[in-house]
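Quick note: numbers below take in every heavy atom, side chains included, and nothing from hydrogens, waters or symmetry partners. In this text, all values refer to a predicted model and were calculated from it rather than measured experimentally.
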Amino acid sequence: QVQLGESGGGLVQAGGALRLSCAASGRTFSSYAMGWFRQAPGKEREVVAAITWGGLITYSADSVEGRFNISRDNDKNTRSLQMNDLKPDDTAVYYCAADPSNPYLLAGRFLGGTADYWGQGTQVTVSS
């Protein structure tokens, strides 16, 4: 059984930066697309950023474009989300997700929040 673990969340002042990491453990995937999603209280889960296995295709939500960057780490089973110029509206629980069925695509279902595997989430709080 594959598990995804998020780390790097915390409390930061507006304008600061955090780096989130998502690592796959247990049985690793041969290849997969991975994305970051977030959910704030009273709001539905939304996609933040996603990346294909080879990194040739990436996606960033309009709300974070230019501030957040998703990338593949040296460990092929780890993906990171570098979050810069954080704003209070970025406060949410951030979840990583993986889609091994479409490793070279960012499928519409995946970006819409349907994924094979989910992490437990990490809290990001941005103070003003």
Side-chain angles (χ1 to χ4, degrees):
Q1 194 73 24
V2 175
Q3 298 182 54
L4 301 177
E6 304 98 336
S7 63
L11 174 65
V12 65
Q13 291 184 337
L18 287 173
R19 185 178 180 86
L20 306 184
S21 294
C22 178
S25 62
R27 184 185 182 279
T28 58
F29 309 113
S30 297
S31 56
Y32 52 91
M34 184 175 285
W36 285 94
F37 299 76
R38 68 185 181 186
Q39 186 168 25
K43 296 183 178 180
E44 66 180 7
R45 185 173 56 193
E46 63 177 350
V47 62
V48 177
I51 188 170
T52 55
W53 172 246
L56 297 179
I57 304 174
T58 59
Y59 170 87
S60 296
D62 290 342
S63 60
V64 305
E65 187 176 11
R67 300 188 297 119
F68 292 9
N69 181 64
I70 188 170
S71 63
R72 180 182 186 271
D73 288 356
N74 290 333
D75 183 345
K76 65 179 181 180
N77 293 316
T78 302
R79 301 292 184 273
S80 294
L81 182 69
Q82 179 65 47
M83 305 186 295
N84 299 317
D85 191 24
L86 284 161
K87 303 176 180 180
D89 286 347
D90 295 320
T91 296
V93 177
Y94 285 69
Y95 302 88
C96 66
D99 182 16
S101 65
N102 297 283
Y104 304 106
L105 302 173
L106 296 180
R109 293 177 71 252
F110 181 61
L111 296 178
T114 299
D116 294 324
Y117 301 98
W118 290 92
Q120 296 298 310
T122 185
Q123 177 71 48
V124 171
T125 302
V126 184
S127 65
S128 59

Test: disulfide bond (SG atoms under 2.5 Å apart). Region: residues 94-128. Which pairs qualify, not counting sequence neighbours?
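Sorted pair list: Cys22-Cys96.
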
Could you tell me which residues satisfy side-chain hydrogen bond (donor to acceptor under 3.5 Å, both in side chains) with [X], sequence neighbours excluded, listed by chain and number?
X      : result
Asp116 : none
Gln123 : Thr125
Ser127 : none
Asp85  : none

- request: Could you tell me which non-hydrogen atom of Tyr32 sits nearest to which non-hydrogen atom of Pro103, and how far apart they are?
  value: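 Looks like N-CB, 3.5 Å.
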
For this session: Give the minimum heavy-atom separation between Val93 and Gly121, together with the two atoms involved.
Result: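 Of all heavy-atom pairs spanning Val93 and Gly121, the closest is CG1-CA, 3.9 Å.
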
Requested in this report: Among residues two or more places apart or on two chains, list those pairs meeting salt bridge (Lys or Arg N to Asp or Glu O under 4.0 Å) that have a residue in residues 60-71.
Outcome: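 Passing the test, one end in residues 60-71: Arg67-Asp90.
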
For residues 7-19, pull every pair meeting salt bridge (Lys or Arg N to Asp or Glu O under 4.0 Å), keeping only residues two or more places apart or in separate chains.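 Qualifying pairs: Arg19-Asp73.
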
* Return the set of residues passing side-chain contact (heavy atoms from CB on, under 4.5 Å) with Ala97 (not counting sequence neighbours), or none when no residue passes. =>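 By the side-chain contact (heavy atoms from CB on, under 4.5 Å) rule, Ala97 matches Phe37, Phe110, Ala115, Trp118.
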
Query raised in the report: Tell me the side-chain hydrogen bond (donor to acceptor under 3.5 Å, both in side chains) pairs involving residues 96-112, sequence neighbours left out?
Result: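 Listed by first then second residue: Asp99-Ser101, Asp99-Asn102.
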
Considering only Ile, Leu, Val, Met, Phe, Trp and Tyr, and joining two whenever side-chain heavy atoms are under 4.5 Å apart, list the other residues clustered with Ile70.
->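 Direct or chained contacts put Ile70 with Val12, Leu18, Leu20, Trp36, Val48, Ile51, Val64, Phe68, Leu81, Met83, Leu86, Tyr94, Val124, Val126.
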
- Query: Linking Ile, Leu, Val, Met, Phe, Trp and Tyr through side-chain heavy atoms less than 4.5 Å apart, which residues share a cluster with Leu11?
  - Reply: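 Joined to Leu11, directly or through intermediates: none.
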
About how many Å separate [atom2] of [Y] and [atom1] of [X], when rounded to the nearest 0.5 Å?
X      : Y     : atom1 : atom2 : value
Ser128 : Gln13 : OG    : CD    : 9.5 Å
Leu106 : Met34 : CG    : CE    : 12.5 Å
Arg79  : Ser71 : CZ    : OG    : 9.0 Å
Thr58  : Asn69 : OG1   : CG    : 7.5 Å

### Common cluster, Leu111/Ile57, ILVMFWY with side-chain heavy-atom separation under 4.5 Å
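Yes, because Leu111 and Ile57 connect within a single hydrophobic cluster, where side-chain heavy atoms sit under 4.5 Å apart.
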
### Query
Is a side-chain donor or acceptor of Glu6 paired with a backbone partner of Gln120 at a separation under 3.5 angstrom?
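Yes: the side chain of Glu6 pairs with the backbone of Gln120.
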
Only pairs under 3.5 Å count here: list side-chain donor-acceptor contacts from residues 40-47, not counting sequence neighbours, and write none if there are none.
from  : atom 1 : to     : atom 2 : distance (Å)
Arg45 : NH2    : Gly113 : O      : 3.1
Glu46 : OE2    : Arg38  : NE     : 2.8
Glu46 : OE2    : Arg38  : NH2    : 3.4

